[in-house]
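Protein chains get the first letters and strands the later ones, always in sequence-line order, with residue 1 at the start of each.
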Number of protein chains: 2
Amino acid sequence: MGPHTIEMTNDIEHRLKNKDINPTAMRLLVLDFLTKQVAAISLNDLEKGMGPSDRITLYRTLKTFEEKGLVHSIEDGTGATKYALCEDNCDGDQHHDLHVHFYCNTCKETFCLPNTKIPEISLPKRFQTEEMNLIIKGICDQCHPG
Amino acid sequence: MGPHTIEMTNDIEHRLKNKDINPTAMRLLVLDFLTKQVAAISLNDLEKGMGPSDRITLYRTLKTFEEKGLVHSIEDGTGATKYALCEDNCDGDQHHDLHVHFYCNTCKETFCLPNTKIPEISLPKRFQTEEMNLIIKGICDQCHPG
DNA sequence: ATGACGATGCAATGCTATTGCAATGTTAGC
DNA sequence: GCTAACATTGCAATAGCATTGCATCGTCAT
């Protein structure tokens, strides 16, 4: 790492630079928005949640964040890719977020369950794992009746 | 169930009627094709594999098969939904195919691993499971080097 | 025969993801 | 400060899969 001569104006900017992402105004806004989310969001959600912005730029911002290991994408089966912030030990090459994702059939939100890890799976002979993706669908704690 | 007066001309027709699916010529052909597959197939694969047929009809045939519990669909992250035959203990309401699906990064095929079941996952308090979907990506036995 | 119903085929549409390209902003060297 | 090089942004356009509407056709029961 280089010398610590950079002046950080705030935490958001710091987190972008840490991941080697040029902190433009747009990216600061997007990361700030992502930080405030409880659930994973789609490109549509982001577009609606941000002020008037270009959809494609937001799309590419998310892609950049994903490449650099700042967010990870989730295919929850709804057809629209969802994005959520990674945990700290994530880098671009290898996402370490082997946690379970939960889709609530009631509120239609997708959540990361960072403390629920995907267990070891023993595959048939000569199958080699590189990635795992576990989506559990059901009813989330907030929507749970009673 | 009604009296066993139906004459089965072959196994394929039998399997359709067992699932309460009207055995039309098209459906016999599609089920026959599905039976011959080693990997899960997309609508495109089906269209290419069959003789000249209408894509929409094939689409609806797959949907019908899925509703009736004859096939299950797999979202493997490639963008195109894949379909594969269910195991026998499957019905329309509740798919019992809680097995792992494997996507090979080399040959790009998606396989069912019917003997590799998704283990019990203990979720945080008040989260309730209704469905599970585990996709493992890596290198399949056929593509494994050495 | 005929009427009801399911299946099929064609057309059209919606939605998400993705790329090309031009315009704009930013940075480094002179 | 000026300019070239590069990154970012915005707009237009396209690709690909999923899905629905509607007309036609076939089948079956009355």
Calculate the interatomic distance between D54(A) atom CG and dT18(C) atom P; express it in whole Å. 16 Å
Can you tell me the distance, in whole Å, between the NZ atom of K82(B) and the C1' atom of dG16(D)? 14 Å
Taking the side chain of T57(A) as heavy atoms from C-beta outward, which of dT9(D), dG9(C), dA18(D) is closest to it? dT9(D)
Closest to the Y59(A) side chain, choosing from dT18(C), dA7(C), dT16(C): dT18(C)
L46(B) atom CG is separated from dC17(D) atom C1', nearest whole Å, by 15 Å
Comparing nearest nucleotides in DNA chain D, the 5'-proximal residue of the pair G79(B), R60(B) is G79(B)
Any side-chain N or O of N44(A) under 4.0 Å from OP1/OP2 of dC15(C)? no
OP1 or OP2 of dT8(C) sitting under 4.0 Å from any side-chain N/O of T24(B)? yes
Which of these nucleotides, dC17(D), dT20(D), dG9(C), is closest to any side-chain atom of I56(B)? dT20(D)
Residue whose closest nucleotide on DNA chain C lies nearer the 5' end, R55(A) versus M26(B): M26(B)
Step-by-step side-chain hydrogen bond (donor to acceptor under 3.5 Å, both in side chains) determination, N22(B) to T24(B): CA-CA 6 Å; N22(B) 201 349; T24(B) 66; over 6 Å; no
Would you kindly give the CG-to-P distance between L29(A) and dT8(D), to the nearest whole Å? 16 Å
Charged N to carboxylate O under 4.0 angstrom, K68(B) versus D20(B)? yes
Do the side-chain N or O atoms of K63(B) get closer than 4.0 angstrom to the phosphate oxygens (OP1, OP2) of dA18(D)? no
Close side-chain approach of I41(B) and L34(B), heavy atoms under 4.5 Å: yes
Check every strand shown and say whether T81(A) touches a base, only sugar-phosphate, or nothing at a heavy-atom separation below 4.0 Å. sugar-phosphate
Measure from the side-chain heavy atoms of R27(B) and tell me the nearest of dA7(C), dT19(D), dG20(C). dA7(C)
Rounded to whole Å, CG of L62(B) lies from C1' of dT20(D) at a distance of 17 Å
Need one value for N22(A): base, sugar-phosphate or nothing, where a base atom within 4.0 Å counts as base even if backbone is also close, heavy atoms only. sugar-phosphate
In whole angstrom, give the distance that lies between atom CG of D20(B) and atom C1' of dA7(C). 15 Å
In whole angstrom, what separates L58(A)'s CG from dT19(C)'s P? 17 Å
Atom pair distance, as rounded to whole Å: CZ in F65(B) and C1' in dG6(C): 15 Å
When you compare the side chains of N105(B) and E130(A), does any donor N or O come within less than 3.5 Å of an acceptor on the partner? yes
In terms of side-chain heavy atoms, does S42(B) have a donor or acceptor partner in D45(B) at a distance below 3.5 Å? yes
